[in-house]
*Asks:* 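After the structure tokens below, expect a handful of questions from me.
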Amino acid sequence: MSTEADRAPALPVRPLPAAACFPPPPPPLPPMPPPGAGRRSGTRTLSAAVCLVLGLGLIGGALAGSWLADRADGGTAAERNFSRGGTLWRTVPVDDLFPPVLRADAAGPGGAERVWTRIGVAPDSGCDEAFDPLLEKALAPAGCTRLLRATYTDATSTAVTTVGLLVTATGSQGMRDLRRRFADERLDERTDLMPRPYAPRGTVAEHFGDAQRASWAVSVLTDAPAVVYAVTGFADGRTGTPPQPATLATRPDATTAPAQAGLGHEAAALAGRVESGFRQAVRETTTQEGSR
């Protein structure tokens, strides 16, 4: 007996591809790092970060330390020197500020050598009656911490000179302002603005008073709180010599009595020697303190 199914034509049989039953293998995995490699990589990253932070910290600390050291030492070297110049008078020996004997080559008229001997040192004091009233008024803005003075005579004992070191109470800007005013108004050339002499008793300068002043020099420092000056006269106590500032009495064509007697050279040279000695003492003291 047959059926419709038996009479239907047979369908061809096609084999299934292998992929239908077996999917392709997955792509290979990346190689496995050796044991501990991940930890080493993380450690290196962490170490680099820590080193960076520490490095920045050390650099910042060094900069801060340097800044603090400068602040503790009083700022720059120039600032430390300026500050030290205001207190040096308390500790420096008098022979360093006013040596017993001073020499200078080519300090006299025509380049003559000069030698001076110290004949008296005034007790350190204030500035009362040390200057003509108008000079005292001109110096007043800088203040007066202390005044140091000594008097010298030349090798022939014919000239006497008082050298003074006024320690002011102002800062560097105040000293620059004072120097500018002296330069602009030529205050160091006015005969009504002269320093007064110190006349130690029993010396050739005993009669050296205001009336005997013949030449003078005033130097306003800006690298230290100080004014250095010198005032010169004849040792025999003569009066009536019209005074002339050292800046004019040292000119080659000057013919006045102070110029021909070399008194302008005396004042300028002694003021210059004391000024340079004071600066040297400041530098040496500051260097010594910095090396401790």
*Asks:* Just do the side chain to side chain contact (heavy atoms under 4.5 Å, CB included) check on Thr76 and Asn81 with the steps written out, would you?
*Replies:* CA-CA 9 Å; Thr76 66; Asn81 281 345; over 6 Å; no

*Asks:* Atom CZ of Phe182 and atom CZ of Arg190: how far apart are they, to the nearest 0.5 Å?
*Replies:* 10.0 Å

*Asks:* Can you list everything that forms a salt bridge (Lys or Arg N to Asp or Glu O under 4.0 Å) with Arg283? Sequence neighbours excluded, please.
*Replies:*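 Once residues adjacent in sequence are excluded, Arg283 has no partner under the salt bridge (Lys or Arg N to Asp or Glu O under 4.0 Å) criterion.
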
*Asks:* Does a side-chain heavy-atom distance below 4.5 Å link Pro258 with Thr241?
*Replies:*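 With C-beta onward as the side chain, the pair touches.
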
*Asks:* Quick one: CG on Asp177 to OG1 on Thr170, what's the gap to the nearest 0.5 Å?
*Replies:*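 Going from CG on Asp177 over to OG1 on Thr170, the span is 8.0 Å.
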
*Asks:* Can you name the nearest heavy-atom pair linking Asp188 to Pro245, along with the distance?
*Replies:*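 Minimum heavy-atom contact is O-CB, 3.7 Å.
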
*Asks:* Which atoms form the tightest heavy-atom contact between Ala214 and Leu263, and what is the distance?
*Replies:*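 That would be CB-CD1, 3.4 Å.
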
*Asks:* When you measure from the side chain of Ser83 to the backbone N and O of Glu79, does any donor-acceptor pair fall under 3.5 Å?
*Replies:* no

*Asks:* Does any part of the side chain of Pro100, heavy atoms only, come nearer than 4.5 Å to the side chain of Asp95, both counted from C-beta?
*Replies:* yes

*Asks:* State which residues pass salt bridge (Lys or Arg N to Asp or Glu O under 4.0 Å) with Arg251; sequence neighbours excluded, sorted by chain then number.
*Replies:*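 Scan of Arg251 (salt bridge (Lys or Arg N to Asp or Glu O under 4.0 Å), adjacent residues dropped) gives none.
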
*Asks:* Identify, with sequence neighbours excluded, every residue that meets side chain to side chain donor-acceptor pair (under 3.5 Å) alongside Thr161.
*Replies:*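 Partners of Thr161 under the side chain to side chain donor-acceptor pair (under 3.5 Å) test: Thr232.
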
*Asks:* Are Leu270 and Tyr229 side-chain neighbours, meaning at least one heavy-atom pair lies under 4.5 Å?
*Replies:* no

*Asks:* With sequence neighbours left out, write down each residue that passes side chain to side chain donor-acceptor pair (under 3.5 Å) with Arg179, or none if nothing qualifies.
*Replies:*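 Once residues adjacent in sequence are excluded, Arg179 has no partner under the side chain to side chain donor-acceptor pair (under 3.5 Å) criterion.
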
*Asks:* Any side-chain heavy atom of Leu165 sitting closer than 4.5 Å to one from Leu147?
*Replies:*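 Contact flag for Leu165/Leu147 side chains = no.
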
*Asks:* Please report, to 0.1 Å, the donor-acceptor pairs under 3.5 Å made by any side chain of residues 85-93, with sequence neighbours excluded.
*Replies:*
unit_1: Thr87; atom_1: OG1; unit_2: Arg84; atom_2: O; d: 3.3
unit_1: Thr87; atom_1: OG1; unit_2: Arg84; atom_2: NH1; d: 2.6
unit_1: Trp89; atom_1: NE1; unit_2: Gly86; atom_2: O; d: 3.2
unit_1: Thr91; atom_1: OG1; unit_2: Arg84; atom_2: NH2; d: 3.2

*Asks:* Does any part of the side chain of Arg180, heavy atoms only, come nearer than 4.5 Å to the side chain of Val220, both counted from C-beta?
*Replies:*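 Side-chain contact under 4.5 Å: no.
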
*Asks:* Write out all pairs satisfying disulfide bond (SG atoms under 2.5 Å apart) with one or both partners inside residues 155-254, taking only residues at least two apart or from two chains.
*Replies:* none

*Asks:* Can you tell me which residue pairs pass the side-chain hydrogen bond (donor to acceptor under 3.5 Å, both in side chains) test with a partner in residues 197-212, sequence neighbours excluded?
*Replies:* Arg196-Asp210

*Asks:* Treating Ile, Leu, Val, Met, Phe, Trp and Tyr as nodes and any side-chain heavy-atom pair under 4.5 angstrom as an edge, say whether Trp216 and Leu178 lie in one connected cluster.
*Replies:* yes

*Asks:* Quick one: pull up CZ in Arg80 and OG1 in Thr285 and give me the separation to the nearest 0.5 Å.
*Replies:*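 Going from the CZ atom of Arg80 to the OG1 atom of Thr285 covers 13.5 Å.
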
*Asks:* Are the side chains of Arg149 and Val163 in contact, using a 4.5 Å heavy-atom criterion?
*Replies:*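 Result no, sub-4.5 Å side-chain heavy-atom pair not found.
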
*Asks:* Please report the interatomic distance OG1(Thr222) to CD(Gln173), rounded to the nearest 0.5 Å.
*Replies:*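 It comes to 10.5 Å.
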
*Asks:* Strictly by modelled atom types, are Gln244 and Ser215 linked by a side-chain donor-acceptor pair under 3.5 Å?
*Replies:* no

*Asks:* Tell me who clusters with Val115, hydrophobic residues only, linked when side chains sit under 4.5 Å apart either directly or through other members.
*Replies:*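 Listed partners: Val101.
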
*Asks:* Linking I/L/V/M/F/W/Y whenever any side-chain heavy atoms sit under 4.5 Å apart, do Val231 and Leu248 land together?
*Replies:*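 No, Val231 and Leu248 fall in different hydrophobic clusters.
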
*Asks:* Which heavy atom of Ala217 sits nearest a heavy atom of Ala271, and at what distance?
*Replies:* CB-CB, 4.5 Å

*Asks:* Only pairs under 3.5 Å count here: list side-chain donor-acceptor contacts from residues 152-160, not counting sequence neighbours, and write none if there are none.
*Replies:*
unit_1: Tyr152; atom_1: OH; unit_2: Pro99; atom_2: O; d: 2.7
unit_1: Thr153; atom_1: OG1; unit_2: Ala159; atom_2: O; d: 3.0
unit_1: Asp154; atom_1: OD1; unit_2: Ser157; atom_2: N; d: 2.9
unit_1: Asp154; atom_1: OD1; unit_2: Thr158; atom_2: N; d: 2.9
unit_1: Asp154; atom_1: OD1; unit_2: Ala159; atom_2: N; d: 3.2
unit_1: Asp154; atom_1: OD2; unit_2: Thr156; atom_2: OG1; d: 2.8
unit_1: Asp154; atom_1: OD2; unit_2: Thr158; atom_2: OG1; d: 3.2
unit_1: Thr156; atom_1: OG1; unit_2: Thr158; atom_2: OG1; d: 2.8

*Asks:* Identify the two heavy atoms, one from His265 and one from Ala249, that lie closest to each other, and give their separation to 0.1 Å.
*Replies:* CE1-O, 4.2 Å

*Asks:* Does Val94 belong to the same Ile/Leu/Val/Met/Phe/Trp/Tyr cluster as Val167, with side-chain heavy atoms less than 4.5 Å apart forming each link?
*Replies:* yes

*Asks:* Show me the side-chain donor-acceptor pairs of residues 125-144 shorter than 3.5 Å, one per line, residues at least two apart or across chains.
*Replies:*
unit_1: Asp132; atom_1: OD1; unit_2: Arg213; atom_2: NH1; d: 3.2
unit_1: Asp132; atom_1: OD1; unit_2: Arg213; atom_2: NH2; d: 3.4
unit_1: Asp132; atom_1: OD2; unit_2: Met194; atom_2: N; d: 3.2

*Asks:* Suppose we screen for side chain to side chain donor-acceptor pair (under 3.5 Å). Which residues come up paired with Glu275, at least two apart in sequence or across chains?
*Replies:*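 Side chain to side chain donor-acceptor pair (under 3.5 Å) check on Glu275 returns Ser219, Arg279.
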
*Asks:* Asp184: what forms a salt bridge (Lys or Arg N to Asp or Glu O under 4.0 Å) with it, not counting sequence neighbours?
*Replies:*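 Applying salt bridge (Lys or Arg N to Asp or Glu O under 4.0 Å) to Asp184 gives none.
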
*Asks:* Using the rule that Ile, Leu, Val, Met, Phe, Trp and Tyr join whenever any side-chain heavy atoms are under 4.5 Å apart, tell me whether Phe278 and Met175 fall into a single cluster.
*Replies:*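 Shared cluster, no.
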
*Asks:* In the structure I gave you, are the side-chain heavy atoms of Val274 and Leu97 within less than 4.5 Å of one another anywhere?
*Replies:* no

*Asks:* Could you walk me through whether Leu166 and Arg146 pass the side chain to side chain contact (heavy atoms under 4.5 Å, CB included) test, one step at a time?
*Replies:* CA-CA 6 Å; Leu166 164 61; Arg146 190 61 68 186; over 6 Å; no

*Asks:* Linking I/L/V/M/F/W/Y whenever any side-chain heavy atoms sit under 4.5 Å apart, do Phe82 and Val282 land together?
*Replies:* no

*Asks:* Tell me, do Val228 and Leu221 make a side-chain contact under 4.5 Å, heavy atoms counted?
*Replies:*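 Yes; the side chains approach each other to less than 4.5 Å.
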
*Asks:* Can Glu266 and Trp116 be said to form a side chain to side chain donor-acceptor pair (under 3.5 Å), step by step?
*Replies:* CA-CA 9 Å; Glu266 299 280 319; Trp116 302 277; 2.5 Å; yes

